[in-house]
Amino acid sequence: MTQAEREYEWNALRKLWHFAGCLLMIAIFYLWKDLKGTIPGADIMVIFAWAETAIALGIDLIRFYSPRSNEAVARLPFYGKLMRRVEKNHFNATTYYLLAAAILVTLYRFGLCRESTLVASIMVLGVADPAAAWTRHRLARRGVEHARVYGAISFVIASFLALWIVSWVLHGPFAPEHLLVIGLVVAVVESYTKYWVLLLHPVTRRVQRLIAHKTTVWLFRFYPDDNLLIPLTVALLMGLLPWFLR
């Protein structure tokens, strides 16, 4: 396996979970939305989302402090197979995924996020991220240069389609050109966040040395993962864009 192939590793089960997981989250959201008027407690969905996030976070923390547990989790038939090599000593992508969903549901609950924004933010992650990853993987295997750029283009196309469909179905306030701008910005965030993080690594290392302690080691394994940044960036742009369109 070449260095490019290792960088753009492809895990079909993981990307299937991306897509299926986003559909499941949206289905649960609409189930709650339909039932919240007939059952007491409008915050049930918020509690459920944060409880899931806490469970995923708890599993990661156990892995960080127990190498034996970490190896056991890595051997699990489903959960372990979804993990990338780098995630064996860092937070699992699912944890970031659930954290983003919990934040979006909380914002929706308090009227700070529209229904179309919540659904679109989750759909972009579920559709565009696998499309970009597949493009980079295939081009890297063929030795094509600038695979990351072509992956970003695939992300823009897939995210635009997802945003347009959601906007059309839920009567969103954005024109196609606005959705394209959102897709372009999010594609840059998705494709190049890793390089920005590496650029700032010397600074973060200094901060880490100042407050290093074995009980806080997990804090420095938190990474601006695309599973967290993509939905939140989409939601932020869809929330701010109407202010500039006035």
Side-chain angles (χ1 to χ4, degrees), residues 13-57 59 78-79 82 92-133 155-176 178-180 182-183 185-186 189-190 225-242:
L13 180 63
R14 178 187 178 89
K15 297 309 176 183
L16 179 62
W17 165 239
H18 262 83
F19 181 68
C22 87
L23 294 182
L24 178 61
M25 287 180 181
I26 293 172
I28 293 173
F29 168 73
Y30 277 107
L31 178 63
W32 165 73
K33 190 170 179 286
D34 290 340
L35 294 178
K36 70 175 183 176
T38 61
I39 58 176
D43 296 327
I44 289 178
M45 184 63 182
V46 177
I47 296 171
F48 175 74
W50 283 105
E52 281 191 316
T53 305
I55 291 172
L57 177 63
I59 293 173
F78 182 77
Y79 191 91
L82 294 178
N92 191 288
T94 301
T95 303
Y96 293 110
Y97 203 168
L98 293 173
L99 176 58
I103 293 172
L104 290 173
V105 168
T106 303
L107 293 174
Y108 174 83
R109 167 65 182 85
F110 292 101
L112 301 174
C113 176
R114 292 186 298 270
E115 175 185 344
S116 59
T117 298
L118 185 149
V119 175
S121 300
I122 295 176
M123 282 297 296
V124 167
L125 177 62
V127 174
D129 183 77
F155 187 97
V156 172
I157 295 171
S159 62
F160 171 77
L161 292 174
L163 289 167
W164 181 81
I165 291 172
V166 172
S167 184
W168 176 64
V169 172
L170 298 179
H171 309 290
F174 301 106
H178 303 144
L179 301 178
L180 181 60
I182 293 173
V185 174
V186 178
V189 171
E190 185 270 343
D225 189 87
D226 53 4
N227 294 278
L228 175 64
L229 287 186
I230 290 174
L232 297 186
T233 303
V234 173
L236 179 64
L237 292 173
M238 294 184 77
L240 293 178
L241 199 55

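Throughout, residue positions are numbered sequentially from 1 according to the sequence presented. Worth saying up front: this structure is predicted, and the values here are computed from it rather than measured.
One distance of note links CG of L125 with CG of D226; it measures 7.0 Å at 0.5 Å rounding. Note that NE2 of H178 and CZ of F160 are 11.5 Å apart. Values are rounded to the nearest 0.5 Å. To the nearest 0.5 Å, atoms CD (E52) and CG (L57) are separated by 13.5 Å. L228 contributes atom CG, which lies 8.5 Å from atom OG1 of T233 (distance to the nearest 0.5 angstrom). Atoms CH2 and CG, from W164 and L180 in turn, are 14.0 Å apart once rounded to the nearest 0.5 Å. To the nearest 0.5 Å, atoms CG (L118) and CD1 (I103) are separated by 12.0 Å.
Remark: W50 pairs with T106 by the side-chain hydrogen bond (donor to acceptor under 3.5 Å, both in side chains) rule, at least two apart or across chains. Not counting sequence neighbours, R114 has no partner by the salt bridge (Lys or Arg N to Asp or Glu O under 4.0 Å) test.
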**Message:** Test side chain to side chain contact (heavy atoms under 4.5 Å, CB included) on M238 and L163; report intermediate values, then the result.
**Reply:** CA-CA 10 Å; M238 294 184 77; L163 289 167; 4.1 Å; yes
**Prompt:** Would M45 and Y108 satisfy side chain to side chain contact (heavy atoms under 4.5 Å, CB included), going step by step from the backbone distance to the final call?
**Reply:** CA-CA 10 Å; M45 184 63 182; Y108 174 83; over 6 Å; no
**Request:** Let me see the working for N92 and I59 under side chain to side chain contact (heavy atoms under 4.5 Å, CB included), right down to the final yes or no.
**Result:** CA-CA 9 Å; N92 191 288; I59 293 173; over 6 Å; no
**Request:** Applying side chain to side chain contact (heavy atoms under 4.5 Å, CB included), run through W17 and T94 and close with a yes or a no.
**Result:** CA-CA 9 Å; W17 165 239; T94 301; 3.5 Å; yes
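For the side-chain contact (heavy atoms from CB on, under 4.5 Å) with S159, the qualifying choice from V127, I182, V124 is V124, the only one to do so.
Across every non-hydrogen atom of A100 and L232, the tightest pair is O-CD2, 4.2 Å. Of all heavy-atom pairs between D129 and F155, the closest is N-CE1, 3.9 Å. For E115 against Y30, the heavy-atom pair with the smallest separation is OE2-OH, 2.5 Å. Nearest approach of G21 to Y97, heavy atoms of both residues: C-OH, 3.7 Å. The shortest non-hydrogen separation linking T53 to A49 is OG1-O, 2.9 Å. Taking each heavy atom of V156 and G183 in turn, the nearest pair found is CG2-O, 3.8 Å.
Side-chain contact between L237 and L241 is absent, with no heavy-atom pair separated by less than 4.5 Å.
Classification of the F29-W32 ring pair by plane angle, with boundaries at 30° and 60°, yields tilted.
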